[in-house]
Structure formats: C-alpha cells, structure tokens
Number of protein chains: 2
Amino acid sequence: MPRAGQRPRLVDVAERADVSLATASRALAGRDGVSAQVADRVRRVARELGYVANPYARTLAGGASSTVGLIVHQVDDPYFSEIAGGVIQLAAEQGLLVQICQSGRDPAYELQQLRHLIAQRVGIILISGSGYDDPRVEAEARAELAAFQDHGGRVAAIGRHALGVDAVLPDNEAGGRALAQHLVDLGHRRIAVAAGSAGLTTVADRLAGVSSALRQRGLPPSDLVVVHGEFTRGGGRAATEQILNEHPETTAIVALNDAMATGVLSTLRSRRIPVPGRMSVVGFDDVSVAADLAPSLTTIRLPMTEMGRTALTLALKPRSARPRRRSTGHLLVVRDSTGPAPVA
Amino acid sequence: MPRAGQRPRLVDVAERADVSLATASRALAGRDGVSAQVADRVRRVARELGYVANPYARTLAGGASSTVGLIVHQVDDPYFSEIAGGVIQLAAEQGLLVQICQSGRDPAYELQQLRHLIAQRVGIILISGSGYDDPRVEAEARAELAAFQDHGGRVAAIGRHALGVDAVLPDNEAGGRALAQHLVDLGHRRIAVAAGSAGLTTVADRLAGVSSALRQRGLPPSDLVVVHGEFTRGGGRAATEQILNEHPETTAIVALNDAMATGVLSTLRSRRIPVPGRMSVVGFDDVSVAADLAPSLTTIRLPMTEMGRTALTLALKPRSARPRRRSTGHLLVVRDSTGPAPVA
DNA sequence: CTAGGGTACGTAAGCGCTTACGTAAGCGCT
DNA sequence: AGCGCTTACGTAAGCGCTTACGTACCCTAG
C-alpha cells in the first residue's frame, strides 16, 4: 500500500498487481519474460497509481541514467540557445531531462564542467561549440570522453570534430567560401574578416573557406584583412573599429558569426556608413534575429535546431566502432546587407 | 581499494583514510561528530583519489538532491536565455546542475513538465515566465508545488506571483507606466500597444501600467489601441500590420516585450515608415540586442541575469512561513527609437 | 570511586530500484 | 515415462550513499 503522502514505489505497484518486484520491474521496462496478460495488468496498475520510477534508484541499480548533459559556450548566445532548443525538444519527446552547463568559451572551465557532468553520472553528454586549437586541452577532453564511453556513457559533439566522438558538423569551410564568393561576385576586392578568437577551430575553418574562395577567384591573399576578437557583438564592434581605422579601403566585412555581424552593423550605423552602399556585411549562422536587423543580414543558414536534435539522436543510438559524422546542410541567404562594391 | 577503471567510492576513501564509512560520510558532509584531525585526513584522501559522490546514491539515501530544474517558456528567447544564464552561473558556483525544460507557453504542457520534474525528484524548481490567467491551471500548478514543498522540495518563481511560492518580481506595471509617460511627454496621443497573448499575467500587468499612465495624464482611454498576438517577433510583425491598417493615426507603438518590438521595427522598416520620425517604438526587457537594433530600442531594462541568480538564491534558503517576494529594479532606457510625435 | 553525560567513532539498516540466479510448470521429444 | 528445454515468475543480492543507534572512551560532578 502506498504510504500516505508519498509517491508510490515499485513495490506498491507490484503488490497491487499481485506480482513480485522483479516482475513488475520487467513489465514496466518492457523486458520479456513476462506474459502479455501480466504485463498489461502491471502497466494498468502503475498508471492508476501515477507511478513514476525514481530515477536515482533506477540509475543506482544499474539502469540507464535518463539525463543528458549539454555543454555550450554561452546559453544566451542565440546560436547556442537555438541548438539547445532542439536538444530540449527531442529530449522532452523521449522523456529525458537536459542538464545544461556553459563554459564561457574557456577551455579549462569547459573541461571542468565536463568532468563534473561525468562525475554526476549523466548518461549522455552533448558538447556544442567550437573546439579549441590547443591540442593539450582537446586531448584531455578526448581522453575523458573516451573513458566515459568505455563505462557505457554516450557522447555526441556539435560543430567540433577533434573529440573522437559522434559529431554533427556544419561545413564551415564551404560556408565561408560561399560568403566570399558572393562578395567577390558583387565586385568586392578589399574584404576584411571580423573573426572570433584565433583559438577556435570554427573560426579557422570558416576563415579557410574565405581564403580559398579568394584564391579560387585569383585574388591575392594579401588583400584579405583578418581581425580577431571575441565571437560576440562586442567583438564585432571592436573589430569594425579596427578595420575602419587601419584599412579604410575595405568595402566588405565578413563576420564569422551573426553575433559579430550584429556588432559590425551597429558600429557602421553609428559611424553613419551606409550598408550596403558603402560597405557590405555578411554573417554566419542565420540566428533568428538576422532577418530583423537593419539592414537584414546576408548570412549562411545553419539548421541549428535540427543540429541539436541530430546530436541527441546520434548519442541515443548504440555506440559504433568508429565515430559517426553527420554533416548539416547550409545555405547562403542573401538579404539587404550586401550589394555591389562601390565604384572607386 | 578502488576497482580498476571505476570511479572511487566512499568506501575506497574510508578504507584509505582508515575510518568507517559513516565517519567518512560525516567528514565530507562537514557534519560534526568528527575530530578535526580525522576530518582533514578524510578530505585529503578524497582529493587524492578524485572522489566525487555519486549523486544518485546520495539522493536515494536521503541526502539533498543537487539538481535544480528550470522551466521557461522558450529557451531561444533572449529574455529567458539571459535569465537561464544567471541561474546556470550561480548553480555552477554552488556545484549544482540545472535541468532545463521549456513549456512553449502552453499551460497544460508546462504543468506536465512540472510534474515530470517533481517525479524526477529534482530538489529545486525554478519556474520562469508569465503566469496564465486561467485560474484552473494556476491552481493545479500551485497545488502541485505546495505538495512538492511539503516533501522538502524548494521552489521559486520568476515573474509570476500566483503560485504561492517565493518569487522575484519585476514591477511590470510601473515599467508600463514609465514607457507610456515617456511617450506622452514626447507629445504622443495616439498610442497603440502590441501586446502578447491576452492570457498572460505579464501582459495584463504591463498593459495596466500603460493605461494608468494615460489616465494620469488625463488622456481618454479610448485613445489606446491594444492588439494582442504572440509574445514573439512574428507577433510583433502581425500586430504592426494590424495597427497600421486599422489605426493609421497611431504615432507610437508600445511593444510589451523586446521580441515583439523587434518585429515592430522590422515591419515599419519594410513599410518604409521612419522611426522615430513618423512612428516611435518602445519595448520592454532590454534584452542585449535591443541596443544593436536599428534604430536602437527605447525600452525598460530588467536585470535578467540578476533575476535568475536571485531566484536560485531564494530557493536555496530554508523555506519561510510565507512566500517571500523580491522585487527587481527597472529602468527606462531611452535610445533612438523614440522621438517627438510628428506634427499633424 | 562511581554515576552521569558528552564526544568520537563504528555498525548496520535502509533508500527504491535492477538483475543474476533459482525454481516450478509446461512442452515436445525419444 | 523420462529427459531436457523453454517460459514465466519469485528470491535476494546488491548499487553507493546517509543516518539512527550502539559503544567505547574520557571528563566532570557528587
């Protein structure tokens, strides 16, 4: 009999269904070795009692943990919150709970968060954001994750490939290439890049795409100005100041994510530089505000919600011998922030 | 001795420190009844071994659960992601993990998420977002939360007052009043409100503030046009269309949150209506992009990160007899989206 | 010198679940 | 009929912790 004012336990269900604890457990887990008739009875009783398994007891006893940990660089960056939205959506559909952590783009702190999640025995870890160029940190994270997987943990990464785990990967290089080609086709020759921190692999990849497009179009690489800063609006503002001061001949700015692009646009506006009349601007990611900026932003669309869902899907599947990769599509979305290069 | 390839358990620590399990547990929990010398030894051994308590075992045995559940309307809405950022920050500092859920602004689904969290035995629940006008749903949630608290659970709400739990509350009405006063002082008489869903208490409160300011200034309430829609950019766009079509005499639009304001600005731009020359626009919340919109948005600043932290702080304190309230400050931030009413 | 009480620790009983193992019944086969 | 195999279920041993209770010891008071 359920104790008054307490949630029903498995024994309560078992007693009321007149079976043993083991049978009740098996029936609810959908394991076989239980006749259909008994299984039905148990499930019915469980429903009547409003029984929900205690996840702590379940996990302790060796059942699967039902929580997924998600590490992002920063939750209030739309790129990450849209990815998180996808993860949370699918997790809810699967009856999983999502534990979310942010690393603040600090590799050491991220590693600490990762260890914390592992120590807390979450079942699944999703890790999203750029990898770090620092081989030491990445190697440590990789080792930690490998050990975690050996103990039955499940892992997937979003947007980073050096971790030795299943990953969903946008083609950052192709995206960068598409942006640069678009600008070159509009006649731009003096292009500057507002890049995120030099240590992030995403930055390197997108940048490589931009460079390769310029090479393809036969432009001297020396024409490309690259300014590194934070992958944020503030970083975009700072980079813009620097570009305007040091390279006034620039006619187009490639911001390597939309957050920076937002900062770029904001600074250009306050400097009263017409966009795209005097300066074209492109971003990357297509976060949902990109369409509502003024002018609306030309950018590369990444299916962020979908990326979150796919990552969780990967982690939910049984582990494969070799890390799986899922590449995501991307799409150049041309809006109002780009136009023909001004005539000199 | 720790089993090879396994995380150390409390017994491992106890054996190595040459004390009993109970003493080790007490020492690490900082409970008294342990001599300082022994406690030190245990702590040192634990550190050497890299011991981290298994939270499932701990919770099962009756210790406090170390996870806080956070329910928000939508994670990729900056208002919520900034609040979540604050919660996650403080939680990390305290060694707590945050489980995040989103309700999609559906009261029924939110209730389901709440039950899920409770069933999962999270220790602390934070619930953020507008309450719903529907007394049925709010009463059910309230009952659920009361029972949860009676079993030792901790709860705090952010921005909703009808739940009978500790809450941190922005003064939505005063904020609405400040916005309307600002507009009236600029000479606006034909003001329209782009309001979120009529069922949300936040909407009602902010709206009440706007109305009361107009009354105070002696303007006929019939001059106020109110259009309800979703509390999103799309909702803002739709509301703007309706306002422009049905009330072309309008000179200022009050969007009841920044998301809607973003949509309002976007629509005005595509209709080539100068802001603030022909139409002034204000928002509410001061999400971080508000300053980067074009034109930058006049709005009410709410300390969202702080609100998240405060809510967790409240929930961490021992339960008080009566629900506590913390009101947050708010500040009218005047930027470029508002100006004098055009002369007729 | 002993009773009473505090302090520091150990023993062991759970928390609610999963699952290895045991067992009884039913089946087809030789 | 007797054997082994499968099926359907029960028994009980944990998972790793917390904590009520027991015990040895020392200190103080009478």
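Please read these numbers as outputs of a predicted model, since none were measured by experiment. Every chain is numbered from 1, with letters handed out A, B, ... down the list of sequences.
Annotation for A:Asp134: atom CG counts as buried by contact number, over 12 foreign heavy atoms lying within 6.0 Å.
The stretch residues 24-41 of chain A comes close to DNA chain D through A:Arg26, A:Gly33, A:Val34, A:Ser35, A:Val38, each having a heavy atom under 4.0 Å from the strand.
Of the candidates D:dG14, C:dG10, D:dT18, D:dG14 carries the atom nearest the A:Ala61 side chain, counting heavy atoms from C-beta on. Of the candidate nucleotides C:dA12, C:dT19, C:dG16, C:dT19 has the atom lying nearest to any side-chain atom of A:Ala22.
Atoms CG (A:Asp12) and P (C:dG16) sit 9 Å apart, rounded to a whole Å. Rounded to an integer number of Å, the gap from A:Asn54 CG to D:dC17 P is 16 Å. As a whole-Å value, the separation of A:Arg58 CZ from C:dT18 P is 5 Å. Protein atom CZ of B:Arg121 is 9 Å distant from nucleotide atom C1' of C:dG16, rounded to whole Å. B:Leu60 places its CG atom 12 Å from the P atom of D:dG16, with the value rounded to the nearest Å.
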Let's go through B:Arg309 and B:Gln89 carefully: what are the C-alpha distance in whole Å and the side-chain angles of both, what is the deciding distance for side-chain hydrogen bond (donor to acceptor under 3.5 Å, both in side chains) to 0.1 Å, and is it a yes or a no? CA-CA 8 Å; B:Arg309 294 182 65 103; B:Gln89 246 181 35; 2.7 Å; yes
How far apart are the C-alpha atoms of B:Ser20 and B:Thr23, what are their side-chain angles, what is the distance that settles it, and do they pass the side-chain hydrogen bond (donor to acceptor under 3.5 Å, both in side chains) test? CA-CA 5 Å; B:Ser20 76; B:Thr23 302; 3.2 Å; yes
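By the 4.0 Å N-to-carboxylate-O rule, B:Arg41 lies too far from B:Glu48 to be salt-bridged with it. At a threshold of 4.0 Å, the pair A:Arg160-A:Glu110 counts as salt-bridged, since one of the basic side-chain nitrogens sits closer than that to a carboxylate oxygen. The pair B:Arg7-B:Asp12 does not count as a salt bridge, with every side-chain nitrogen at least 4.0 angstrom from each carboxylate oxygen.
A perpendicular orientation is assigned to the rings of B:Phe80 and B:His73, their planes being inclined by more than 60° (bins at 30° and 60°).
Side-chain N/O atoms of B:Thr23 include one lying less than 4.0 angstrom from OP1 or OP2 on C:dG10. The side chain of B:Tyr51 contributes an N or O atom lying less than 4.0 Å from OP1 or OP2 of D:dC17.
Here the straight-line distance linking atom CG of B:Leu97 with atom CG of A:Leu117 works out to 5.5 Å at 0.5 Å rounding.
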Show me the dot-bracket string of DNA chain C, counting Watson-Crick or G-U pairs under 3.5 Å, with | for pairs to another strand and [ ] for crossing ones. ||||||||||||||||||||||||||||||
